[in-house]
4 protein chains.
Amino acid sequence: MPVRRGEKYDNIIDAAIAVIARHGYHRAQVSKIAEEAGVAAGTIYLYFEKKQDLLVSVFQERFGQIIEKSKRDLEALDDPRQKLRYLIYSHYAALAGDPEFATVTQIELRQSDPVIRSGISAIMRSYFEIIDTVVTLGQNTGHFEPSLDRRLVRNMIFGTLDQTATAWVLSGGKYNLLSQVEPTYRLLIGGIGRGATKGGEPV
Amino acid sequence: MPVRRGEKYDNIIDAAIAVIARHGYHRAQVSKIAEEAGVAAGTIYLYFEKKQDLLVSVFQERFGQIIEKSKRDLEALDDPRQKLRYLIYSHYAALAGDPEFATVTQIELRQSDPVIRSGISAIMRSYFEIIDTVVTLGQNTGHFEPSLDRRLVRNMIFGTLDQTATAWVLSGGKYNLLSQVEPTYRLLIGGIGRGATKGGEPV
Amino acid sequence: MPVRRGEKYDNIIDAAIAVIARHGYHRAQVSKIAEEAGVAAGTIYLYFEKKQDLLVSVFQERFGQIIEKSKRDLEALDDPRQKLRYLIYSHYAALAGDPEFATVTQIELRQSDPVIRSGISAIMRSYFEIIDTVVTLGQNTGHFEPSLDRRLVRNMIFGTLDQTATAWVLSGGKYNLLSQVEPTYRLLIGGIGRGATKGGEPV
Amino acid sequence: MPVRRGEKYDNIIDAAIAVIARHGYHRAQVSKIAEEAGVAAGTIYLYFEKKQDLLVSVFQERFGQIIEKSKRDLEALDDPRQKLRYLIYSHYAALAGDPEFATVTQIELRQSDPVIRSGISAIMRSYFEIIDTVVTLGQNTGHFEPSLDRRLVRNMIFGTLDQTATAWVLSGGKYNLLSQVEPTYRLLIGGIGRGATKGGEPV
DNA sequence: TATGAATGAGCTTTCATTCAT
DNA sequence: CATGAATGAAAGCTCATTCAT
């Protein structure tokens, strides 16, 4: 029945992010979120069926937009290496531009219960698909090593971005996350090894 | 801060892992863990100050042992590439050999509250130091690209291992995680790019 | 205390009966009744001060009409035995003719809170008076045993009708309640005992 | 898991009756019952799974005992008329001896929700069976009119007892309910009609 | 040492009612 | 006359922790 949209819908989502970022996931009561949003507690239930739905929506709305934008922007690029670089850029940019959202995403929402996590997983899957598409293209065009297992490559890409973002959040955002775009790109493309590793003598 | 050690101490930790793996973090009540361990609920408080201490100890004990063993074994190796390969192997092996522990580590304990997470972080830091040591050695000996930022490399290594392990757990352990040791090694060393990327024309 | 009358007034009462019969007393929200009546929730408060007033009115309007009709019809009858028979008939007929109302009356509205119940009691009292009048007449004319306590007789009459009606509703209305008019009459008049009990040797 | 017995179990049931009788069903919060019982609110949940279970247990324990006693005592009697008389007596006695319980039984618990009511119904059914047994015996031995529908007779008996008891409670217990045993017996046996109605000319 | 019965703080959610439009 | 979005009070239940035995 509920699930209405409108200005308040956005206010509540923003309030949820602010409260979670400030007090942590476990102290983010509905009443506190309502107060932050400037509405009564009951009003939240005109927009979200349950608290869990609100928290999942935090992800869906924000991350969903980011993913959609990524998807569109990626289509405008041809070179899979450019696509990869853009992927890194947009991942870091989304978090660097909104530290509260970054905290919620990288730290707080990972503490949530199974229902919320599975809501988040659904969105993550579509993100993984985007990464997979880029990897596959790169392998087909010969820019990426075709012998590599795509799933493993995806895990490396996402794992690296995610871990780097988490480390940045935990550092308190002391440095500019966007400064890591190019280094990350080079690292992902070239690996740790020195020089002509490919075709060389691996140990 | 354990109040006491002894046989029951280990029983309780094992029981905690079993219960969390079976019922999930949010349903792992102290009473259930006590029952699994064959003691009364109150007894747990003779060994652990708080439930949180028990959960942190799950990590400290198990992961601590793994880290200690890694550290010792790594000292026996000279080549940083061999060290890296061993790092991957021991990370995967610890999880592949104990699926319950893997579930608890990769999924359930991430839902925990700030206190537990910070307890876990402390242990993770010593793990990160080990990774850093290997990376630094590799750069000093010229086996790893010296221009790479160590922290970023560490994030890639840990992020890749962690994400790969999580994906494996979420798959239900359908394949052998250890089969990913060599591919992971090659991927980390060589990156995604094809052929003589290093010194070539990055895009 | 209705604030206003009119077509919508009746619509709302009918809607209340329908919703209570369909969803039960505890799920009969004002909003649901409003929807059923085809008005906005707030509109109900133009016709009734409180939800409780609406529910009491369900009784007052419907049962009041029944009682009024009973009263008038009874005046046309002379023989107190005929009056008693008609009382039984009209009680059963009112419920048999409107199963939704029967459910609301016999089952759902008994779950209501004190205010509603006392509103209902007020109406019941006038019904009890009608019964009392019939009993008194019967005793005065010598058709009914004069030594019987009138209040007790009334309790038997109403208790029997009410319990029989409730049993019928709970049976799902599987049989025709009106088929019970004559048996009920004979039972109330003659009692359970066999043969010439009156003046005989009671045990 | 819960559902323990013991001294506190009885205390809580007694407290529930007292609180419901004093404040009414709708104001009988768990916390209030706990206070009355001299235990913490949480303790109630060691003895009852849910509040509803407690309320049903109020009935089961008290009314169940009454029914059991009735059953046993009835077996010691031979004459169905004596059995009927005893039925009336024990019904009235159970309520007259415990006014708080009478209020809860006759008034407050009728306001409860479907779950509780169905719990109560289950117990009532066994009471109805006892009545049915007595009626059937009376008809078989020729003491009760055999042509009467048993279900209808049961409805009259229970309806009369119940309504009489309710009227007594609503009167505030101003008179002695047990004084109604004999009048009720005579009324049920002989009916309202005067003299040799049976076989006479019913109108 | 060990027990486990008892504690009690803490929070989501519903829904009758209001009132600005 | 009518609307329906917004309000906010109110209470059942869980479970980590304690402590008398």
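Order of the sequence lines fixes the chain letters, A, B, ..., with proteins taken first and strands second; residue numbering starts at 1 for each chain. Reckoned from all heavy atoms, side chains included, excluding hydrogens, waters and symmetry mates.
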F/dA5 C1' sits how many Å from A/Tyr9 OH, rounded?
18 Å
Given E/dC11, F/dG12, F/dT3, which nucleotide is nearest the side-chain atoms of D/Val30?
F/dG12
Quick one: A/Glu7 CD to F/dA5 P, roughly how many Å, whole number?
15 Å
Contact check, side chains of D/Glu108 and D/Val58, non-hydrogen atoms, under 4.5 Å:
no
Both A/Ala40 and B/Ala28 contact DNA chain F. Taking the nearest nucleotide for each, which residue is further toward the 5' end?
A/Ala40
Within this structure, what is the NZ-to-C1' distance between D/Lys32 and F/dC13, rounded to whole angstrom?
18 Å
Value in whole Å for how far the C1' atom of F/dC15 lies from NE2 of B/His23:
15 Å
Would you mind telling me which residue lines up with the more 5' stretch of DNA chain F, B/Arg27 or D/His26, judged by nearest nucleotide?
D/His26
Find the distance C/Gln52:CD to E/dC15:P and express it as a whole number of Å.
16 Å
Would you check, one step at a time, whether the test side chain to side chain contact (heavy atoms under 4.5 Å, CB included) holds for C/Ile33 with C/Gln29?
CA-CA 6 Å; C/Ile33 294 172; C/Gln29 301 105 315; over 6 Å; no
Looking only at side-chain atoms of D/Gln29, point me to the closest of F/dA11, E/dT3, E/dT13.
F/dA11
Taking atom CZ of B/Arg27 as the centre, report whether more than 12 heavy atoms of other residues, nucleotides or ligands fall under 6.0 Å from it.
no
May I ask you to decide if C/Ala102's main-chain N or O and C/Thr105's side chain share a donor-acceptor pair within less than 3.5 Å?
no
Can you measure A/Ile44 atom CD1 to E/dC11 atom C1' for me and round it to whole angstrom units?
13 Å
Just the rounded figure in Å: distance from C1' of E/dT12 to OH of A/Tyr25.
12 Å
Quick one: which of F/dG4, F/dA5, F/dA2 gets closest to the side chain of A/Leu46?
F/dA5
Closer than 4.0 angstrom, basic N to acidic O: yes or no for D/Asp14 and D/Arg62?
yes
Let me see the working for D/Tyr45 and D/Asp53 under side chain to side chain contact (heavy atoms under 4.5 Å, CB included), right down to the final yes or no.
CA-CA 10 Å; D/Tyr45 291 87; D/Asp53 298 320; over 6 Å; no
Watson-Crick or G-U counterpart of F/dA20, or none if no pair lies under 3.5 Å:
E/dT3
Among the nucleotides F/dT17, E/dA2, E/dA16, which one has an atom lying closest to any side-chain atom of B/Tyr47?
E/dA2
Whole-Å distance between F/dA6 P and A/Glu35 CD?
18 Å
Map D/Ala41 and C/Ala41 onto DNA chain E by nearest heavy atom, then report which one ends up closer to the 5' terminus.
D/Ala41
Checking contacts here: which listed nucleotide (F/dG4, F/dT7, E/dT7) is nearest the side-chain heavy atoms of D/Val39?
E/dT7
Report the nucleotide, chosen from E/dA2, F/dT14, E/dA16, that has the shortest atom-to-atom distance to any side-chain atom of D/Tyr45.
F/dT14
Among F/dT17, F/dA6, F/dT7, the nucleotide that comes nearest once only the side chain of B/Lys51 is considered:
F/dT17
For E/dT17, does OP1 or OP2 lie under 4.0 Å from any side-chain N or O of C/Lys50?
yes
So what does C/Lys8 touch, heavy atoms closer than 4.0 Å: a base, only the sugar-phosphate, or nothing?
sugar-phosphate
Checking N1-N3 plus N6-O4 or O6-N4 for Watson-Crick, or N1-O2 and O6-N3 for wobble, each under 3.5 Å, the partner of F/dC15 is E/dG8
